Every structure is written in C-alpha cells, then in structure tokens.
Amino acid sequence: DTGVSQNPRHKITKRGQNVTFRCDPISEHNRLYWYRQTLGQGPEFLTYFQNEAQLEKSRLLSDRFSAERPKGSFSTLEIQRTEQGDSAMYLCASSLSGDTTGKGRETQYFGPGTRLLVL
Amino acid sequence: RKEVEQDPGPFNVPEGATVAFNCTYSNSASQSFFWYRQDCRKEPKLLMSVYSSGNEDGRFTAQLNRASQYISLLIRDSKLSDSATYLCVVNSQAAGKSTFGDGTTLTVKP
C-alpha cells in the first residue's frame, strides 16, 4: 500500500502520560500536515511541514504539543502531559507541491488517523 | 463565528433524488476551495476542487460565488453509496492550512 500510513491506529492512555504518533507520507510527497478531529466536527489544522521545515503552526498547538519531520520523510507528533480534552482523532495528510494531476489542485491525501483516548 | 460554515443536516433523501449542500466562508482572501467526502470512522477523501466558473464531475456539480463567499455542491441521481459526510474546505494560500467546515451528513435511502 503506497498511501499515507499512521501508527498506532488506536491509543488509550492515562491523563498526564506522554504519547507519540507517527506518520509516513506518500514517498515522493514533500508536504505533510497534521490535523485533529473530534466527533461531529471537521478536521482542525495543527501544523504543516515542507520537507523538514515546519512552516505553520496553529494556535491550537499548545506547548504540550510538538511535531517533527527530521529528514523530510516521516513525521512524529508528541503530546506531553495528556489531558482528557486531547481525546480525538489525529489525522496526517501529505501532498506534492505543484501536483494538480488528481483533481486540478494540489491534493492532500489523508492517512487513516490515530484515535486517542485519554482516561 | 466559524471560518467555514455548513448546514450540518442530516439530509435524508431517497435514491435518485437531487440534493444540494451549501457552505459559506469568512476569509475574503481565500484562494482555493474543495469538497471532501468522509465515511463514518474513515479519513476524508477529496471529492472535487471548486472553480470560479463552476465545475462538474459526473453526478456532482460544484459552484463558487466569490462575491457572496459561498460554495455549493449538487448531487444528482443520488445513490446509496453517496451516504457520507461532505466537508467544505477552504485554503487561504496555495499550500498550508486547510480550513474545514464541520460537514453535512447525507443519508440516501432505498
């Protein structure tokens, strides 16, 4: 499967613990995005990388959240001292700059997400 | 007020019906517009981009009105498989942050 992959698919943790999620984008894609989605809402943008550079961060990304993409390939999202309000689906997406072959615009392809439950 | 607003529905329609979804956005500097489809407990998938001149992809037609900051999606001859949540998405630049609406849920019934 050459799509975006995310691990783990599910994570249950206790409040106060740290968690780390991984995203492997489509191999040639240079852009990578993290979103968070809660039930009944659309995905909310968290952060965006072009290659290894983190170009944009949402105000939602408090200092408990950190994301990295050290070699411009896979990315990790870490949440420190988790809170119950962090429970959500964490979605990763990737795109190739200038690629409009899919639907006429640069297309973001989403992974299956990591579902986090903080008890 | 949210940056991208959609009627949450749900829309319950019979097979073969035509259904229209609306979306409004608040950032007048928005540059690109999309409709995504999301099935229950799955990731969003791009349905179609939206162009100023309007565009069609089979049974789906998307329209954009920049003056009114309004986007629409029309689905003709609804199929059972069209049942999903439809997300309106707006980008303020070519790449980077995408702002999603909360989605409109469609159920097509036999």
Side-chain angles (χ1 to χ4, degrees), chain A residues 1 3-6 9-10 23 25-26 29-51 53-61 88-115, chain B residues 2-10 21 23-25 27 30-58 60 62 64 71 73 84-105:
Chain A
D1 188 344
V4 178
S5 62
Q6 292 188 245
R9 295 290 306 277
H10 299 90
C23 172
I26 293 172
H29 283 187
N30 58 340
R31 291 178 172 155
L32 187 148
Y33 311 79
W34 284 100
Y35 294 86
R36 180 173 70 186
Q37 187 175 25
T38 53
L39 195 63
Q41 299 198 329
E44 294 176 293
F45 171 81
L46 292 178
T47 190
Y48 151 61
F49 291 85
Q50 177 151 318
N51 301 313
Q54 189 172 19
L55 296 186
E56 195 170 352
K57 288 172 62 172
S58 165
R59 285 170 293 176
L60 291 174
L61 216 66
M89 173 77 89
Y90 290 83
L91 291 161
C92 175
S94 70
S95 67
L96 177 64
S97 56
D99 174 20
T100 60
T101 57
K103 300 281 187 178
R105 293 274 173 78
E106 184 171 324
T107 301
Q108 292 185 27
Y109 295 86
F110 281 81
T114 295
R115 191 172 296 278
Chain B
K2 299 199 73 163
E3 285 187 55
V4 179
E5 294 205 37
Q6 297 182 247
D7 179 348
F21 304 140
C23 169
T24 57
Y25 60 95
N27 184 352
S30 297
Q31 293 189 12
S32 53
F33 310 89
F34 308 87
W35 284 100
Y36 274 71
R37 171 195 169 123
Q38 187 170 28
D39 293 292
C40 187
R41 302 183 74 81
K42 298 283 191 180
E43 71 273 21
K45 292 185 179 177
L46 180 65
L47 179 66
M48 59 197 301
S49 300
V50 186
Y51 299 99
S52 298
S53 54
N55 49 298
E56 193 172 301
D57 184 359
F60 299 85
L64 168 65
I71 305 161
L73 176 68
T85 296
Y86 291 83
L87 298 162
C88 176
V89 185
V90 173
N91 284 18
S92 59
Q93 50 195 0
K97 174 184 176 182
S98 288
T99 303
F100 284 74
D102 288 337
T104 298
T105 300

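Throughout, protein chains are lettered first and strands after them, A, B, ... in sequence-line order, and every chain is numbered starting at 1. These numbers come from a predicted model, not from an experiment.
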Reported [atom1]-to-[atom2] distance for the pair [X] and [Y], which is rounded to 0.5 angstrom:
X	Y	atom1	atom2	value
T107(A)	M48(B)	OG1	CE	12.5 Å
K97(B)	T47(A)	NZ	OG1	12.0 Å
L46(B)	F110(A)	CG	CZ	9.5 Å

Subject >> Max heavy-atom pair count under 4.5 Å with chain A, selected residue of V4(B), D102(B), T105(B) >> reply: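 Heavy-atom pair counts peak at D102(B).
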
Subject >> Best-contacting candidate, P44(B), G103(B), C88(B), P8(B), against chain A by heavy atom pairs under 4.5 angstrom >> reply: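 Looking at each of P44(B), G103(B), C88(B), P8(B) in turn, P44(B) comes out on top.
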
Under a 4.5 Å heavy-atom cut-off, does chain B meet the side chain of [X], its backbone, both or neither?
X	answer
E44(A)	neither
F49(A)	neither
L91(A)	side chain

**OP:** Looking only at non-hydrogen atoms, find the nearest pair between P43(A) and F100(B) and report the distance.
**Re:**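 In this case the closest contact between P43(A) and F100(B) is O-CB, 3.4 Å.
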
**OP:** Of all the heavy-atom pairs spanning E43(B) and G111(A), show the shortest one and how long it is.
**Re:**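 So the two residues come closest at CB-O, 3.0 Å.
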
**OP:** Against chain A, label Q6(B) side chain, backbone, both or neither, depending on which of its atoms sit under 4.5 Å from a heavy atom there.
**Re:**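 Nothing of Q6(B), per the 4.5 Å heavy-atom cut-off to chain A.
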
Original post:
Does NZ belonging to K42(B) count more than 12 external heavy atoms closer than 6.0 Å?
Top reply: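 Incorrect, the count does not exceed 12.
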
